[in-house]
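What follows is one structure encoded as structure tokens, with my remarks underneath.
In listed order, ligands and their atoms are each counted from 1. For this chain, numbers begin at 1 and follow the sequence in order.
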Amino acid sequence: SLVDRLFGMRQLEKQLASYFGIDKCLIADGDSDQQRKVISSFGRLLNEALDAKLPEKSNIIAVMGGTTMAMAAEELRSLETDRRHNLFVPARGGIGESVNVQANSVSAVMAMKSHGDYRSLFVPEQLSSTTYDSLLQEPSIKEVLNLIGQANCVIHGIGRALHMAARRKMPETDILMLKQKHAVAESFGYFFNEQGEIIYKIPRIGLQLKDIQHIPYVFAVAGGRGKAKAIRAYMQNAPKQTWLITDEAAANEILKGV
Ligand code: BG6
């Protein structure tokens, strides 16, 4: 029955949360590798989670890019109240994604869907270090970086290392290095091995992994059986306040043999 199924899912959520030692997992039915609509369910779960967790004040929400984040963003609904106001910002500058899945776009869509505000961060990809340094002195960029530094919520995806390296067109030498170091997961420009240790970081401005440790509301959104290894690698060392939003297929694969 539906009640049994729901109960079963709640059990799976508890099991997965305790496996990672985190507060909460939210699990959608199905396998997002097989059915894209499962990613829309992530978006609805994310919306519920944000509504339940975000405090009644001015929040700054830093978001990452990716296909999962871009699709999930479409499902947000108003998160504004009399006393709650949300400002969305991209968490980090240009890490080589196509426009529609860039953090700037995800943050704009999330803001529009949830009736909040957003600010963009425009940092081109290929810059000489002198141009880069002077760009960082630009008041408009400084202002957004300052907002990112004040974020009290972060929402991000988790990717497979080599898949992300190829998608971002990283040089062959870097890809070889990632293989040699057994990279399995990638999140916000950091690469992790199976033990969840950082083995490489794409240097970019904006939020750093160490900053996330101190941010009270963190949501990781990733699913699909094919991502199970990557999710396990990243989540085992993830900040403990992270809520994981995933699907049944990834959860079962992660817990297989536990
Ligand atoms: C992003 C992260 O949110 O999601 C990336 O910043 C991560 O670093 C990516 O790898 C996953 O992308 P996708 O397209 O698989 O959802």
Any N or O of [X] closer than 3.5 Å to N or O of ligand 1:
X	answer
Lys227	yes
Met69	no
Gly66	no

Within the 4.0 Å heavy-atom shell around [X], which atoms of ligand 1 are there?
X	answer
Met64	3 (O), 6 (O)
Phe188	2 (C), 5 (C), 6 (O), 8 (O)
Glu186	5 (C), 7 (C), 8 (O), 10 (O)
Gly159	7 (C), 10 (O), 11 (C)

Please find the pair of heavy atoms, one from [X] and one from [Y], that lie closest to each other, and give the distance.
X	Y	value
Gln241	Ile215	NE2-O, 2.7 Å
Ala161	Ala185	CB-N, 3.7 Å
Leu121	Pro90	CB-CG, 3.6 Å

### Query
Considering only heavy atoms, does Ile158 approach ligand 1 within less than 4.0 Å through its side chain, its backbone, both, or neither?
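Contact part for Ile158 vs ligand 1: backbone (N, CA, C, O).
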
### Message
Can you tell me which residue among Ile61, Leu79, Asn86, Leu46 is in a side chain to side chain contact (heavy atoms under 4.5 Å, CB included) with Met110?
### Response
Leu46

Is it true that [Y] and [X] share a donor-acceptor pair across their side chains at a distance under 3.5 Å?
X	Y	value
Gln208	Tyr190	yes
His156	Ser187	yes
Glu194	His182	no
Ser40	Glu74	no

### Query
With respect to atom 13 (P) of ligand 1, which of Thr67, Ile202, Val106, Ile155 exhibits the smallest heavy-atom separation?
Thr67

Any atom of ligand 1 sitting under 4.0 Å from a heavy atom of [X]?
X	result
Arg167	yes
Arg168	yes
Arg92	no

